[in-house]
There are 2 protein chains.
Amino acid sequence: MDVHRLLVFREIARAGSVAGAARTLGWTQPAVSQHLRHLERQAGTALVLRRPRGVRLTEAGEVLLRHADAIAVRLHAAADDLAALVQLREGTVRLAAFPSASATVVPAAMSLLGRRHPGVDVRLREAEPPEALALLAAGEADLAVTFAHAGQEPDEQPGLVRTAVGEDPVRLVLPRSHPHAAGGDEPVDLRTLAAEKWIAGCARCAASLLRTCREAGFTPDVRHGTDDYVVTQALIARGLGIGLLPRLALDAFTAPGVAVRPAAGLLPRTLHLVHPREADQIPAVRAAVRALRDTLAPARG
Amino acid sequence: MDVHRLLVFREIARAGSVAGAARTLGWTQPAVSQHLRHLERQAGTALVLRRPRGVRLTEAGEVLLRHADAIAVRLHAAADDLAALVQLREGTVRLAAFPSASATVVPAAMSLLGRRHPGVDVRLREAEPPEALALLAAGEADLAVTFAHAGQEPDEQPGLVRTAVGEDPVRLVLPRSHPHAAGGDEPVDLRTLAAEKWIAGCARCAASLLRTCREAGFTPDVRHGTDDYVVTQALIARGLGIGLLPRLALDAFTAPGVAVRPAAGLLPRTLHLVHPREADQIPAVRAAVRALRDTLAPARG
DNA sequence: GCACGGGTATAAGTATTCCTTTGGGGTCGG
DNA sequence: CCGACCCCAAAGGAATACTTATACCCGTGC
């Protein structure tokens, strides 16, 4: 049972004649006639009776017409649903982002996306970069916002594409009572901090800290470790150490008891958008990427 | 939105991979891959994400799959319904037949058809041949049982095909009190009846009566006219005239007060089945034709 | 009565679509 | 690292689809 022929048959029934169907289809009459013949052969029964002024459906033809109509309706519904997705009148993006982005640029981007495409639904899940990549690989997220510290090769996951969308500068964070707390925008010389106690972040942040200090000529005395930038700042405010934090984290939250200074030799981290290779063919994902990029562009540099 | 591609896509979704769909379809993998590519181009969005061990549907793919499933269901239903009609598990035949056939061979044929194909529904409508042809032409009947007297050209309706299926001999009907009432199977000589009063039937039957008598050398004195073979016999039984009736009418009903004799020179009428030209491509009609033919065959001659 | 205009079908030829073949890239598991 | 399996892209032959050309049938109107 050939579906195309069924739809041609539907036109015949609608027009009441083979020639009429040919006109509405923009074909010649024999083309439609052949379709009808093949369909009748497949069906094993006459579907129409040829009368002087056209054709008239047989019982089998009437039965077939009802099914053909139902199929045509479904086909239109499918096209409509797809159009809604393509034109971003609906759709869902499952987004994974690391905490400090989730608190700053991601909400801003979601808001922008919501203004541009009110029908698109975004579901955010907070995840550190490795977990975010795992979510993508497992098909549980469509798009991830990740970062990599300068000089660190980000793990390349097969099938995922990564695009850099901006840099997040890293700052020195000190207790307010620290001798270097004042000084404004003047870069601090890291070598003057060789004897400090340090607080490190996640594994890759800690590696970046070690590398930076080594290039400054010393090995830091790391006393504490935590992923959480609120915890980090609480420790620092109490004078339990000093640390490095990216600007996004400080934008999200800066504790009253700490001072933030730039320092020479601090390499920024790079922000990335990651998604499955063909996911940029998905309109909602593409729109989310655009919104994130547009939001992050001012943060660049 | 190409329906075939939609059904191929459905196989991809079912199999979970392009290669798997190709296996179930008996095609090569690139064939299926091209269908998918075209479908995605038409849709304007990715429908699947290519993963190491196959593909995974996107949101748009899931939406499309639901519609494709619905279409496939309808398609199977259409095939099933057609099969029921073709295999005569159901179907309707609208039959038109003239009165004496409707009382004799047609019920027998309907019974035979009902035994052969219990699912086929027959609707009988009694109609003299001209009306029966009009019903066929108007599409209100599928098959007609008609007759034509020997030597009469039946009206040829365009688009209808007529097949002779037997002959119905015509008999002389007399009052029981008539001098010729006795005599059994010995043919009566019509010329001995030139002085009788006659009762004629329908227009064409009357014409046949006139022709027969003329060939016998006289013009009949037609006193009464009626289509109805019961009325005809009532008149004859009362001695109001004599007449000719076909055997089918006498099979249906023979009045107690009449005698039936063969006569030399009485030409039989021919029974016909008439239907629209392609209606023999309709299984239920074909089955009804067979049943009628099988029932009429013994009546032949 | 016969040409005309509507409808139908069939036959043959050209186009197009479809599927296969071939070759190559990517990822997983031994 | 190789083999198995998945995917894609490009090119060619085969099948299908549509057109052209022709003929038939029926109702109508000159």
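What's counted below: heavy atoms across the whole structure, side chains too, no hydrogens, waters or symmetry copies. So that the names make sense, note that chain A is the first sequence line, chain B the second, and so on, each numbered from 1.
Residues passing the side-chain hydrogen bond (donor to acceptor under 3.5 Å, both in side chains) test with Thr92(A) are Glu59(B), sequence neighbours excluded. Checked against salt bridge (Lys or Arg N to Asp or Glu O under 4.0 Å), Arg53(B) has no partners two or more places apart in sequence or in another chain. Contacts of Arg162(A) classified as salt bridge (Lys or Arg N to Asp or Glu O under 4.0 Å), with partners at least two apart in sequence or in another chain: Glu156(A). Residues passing the salt bridge (Lys or Arg N to Asp or Glu O under 4.0 Å) test with Asp2(B), sequence neighbours excluded: Arg5(B).
By the 4.5 Å heavy-atom criterion applied to side chains, Arg74(A) and Ile71(A) are not counted as neighbours.
We find that CD of Gln281(A) is positioned 16 Å from C1' of dC7(D), with the value rounded to whole Å. Rounded to whole Å, atom P of dC8(D) lies 8 Å from atom CD of Glu278(A).
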Which pairs of donor and acceptor atoms, one on a side chain in residues 8-17 of chain A, lie under 3.5 Å apart (sequence neighbours left out)?
from, atom 1, to, atom 2, distance (Å)
Arg10(A), NE, Asp69(A), OD1, 2.5
Ser17(A), OG, Gly20(A), N, 2.8

Name the atoms and distances for all side-chain donor-acceptor pairs under 3.5 Å in residues 127-140 of chain A, with sequence neighbours left out.
none

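For the OP1/OP2 pair of dC6(D) and a distance below 4.0 Å, the side-chain nitrogens and oxygens of Arg23(B) include at least one atom meeting the criterion.
A ring pair (Phe, Tyr, Trp, His ring centres under 6.0 Å) check over residues 32-72 of chain A, counting only residues at least two apart or in different chains, returns the pairs Trp27(A)-His35(A). Sorted by first and then second residue, the pairs that involve residues 135-162 of chain B and meet ring pair (Phe, Tyr, Trp, His ring centres under 6.0 Å), not counting sequence neighbours, are Phe98(B)-Phe147(B), Phe147(B)-His149(B).
The pair Asp280(A)-Arg286(A) fails the salt-bridge criterion, with no side-chain N (NZ, NE, NH1 or NH2) lying under 4.0 Å from an Asp/Glu carboxylate O. One finds a salt bridge joining Arg116(B) and Asp294(B) here, because a Lys/Arg side-chain nitrogen approaches an Asp/Glu carboxylate oxygen to under 4.0 Å. With salt bridges taken as basic N to acidic carboxylate O contacts below 4.0 Å, one links Glu40(B) and Arg50(B).
The footprint of chain A on DNA chain C, defined by a heavy-atom cutoff below 4.0 Å, extends from dG7(C) to dC28(C).
Mapping Asp2(A) and Val55(B) onto DNA chain D by nearest heavy atom places Val55(B) closer to the 5' end of the strand. Nearest-nucleotide positions on DNA chain C place Val48(A) closer to the 5' end than the other of His4(A) and Val48(A).
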At under 4.0 Å between heavy atoms, which parts of nucleotides 18-30 of chain D does protein reach? Answer with one letter per nucleotide, 5' to 3': B base, S sugar-phosphate only, - none. BBBB----SS---

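Across all strands shown, Arg51(A) has no heavy atoms under 4.0 Å from either base or sugar-phosphate atoms.
Note on the helix from dG1(C)-dC30(D) to dG30(C)-dC1(D): angle between the axes of the first and last five pairs equals 10°, rounded to 10 degrees.
Within a heavy-atom distance below 4.0 Å of DNA chain D, no residue of residues 10-22 of chain A is found.
The nearest pair of heavy atoms linking Ala72(B) to Leu7(B) is CB-CD2, 4.2 Å.
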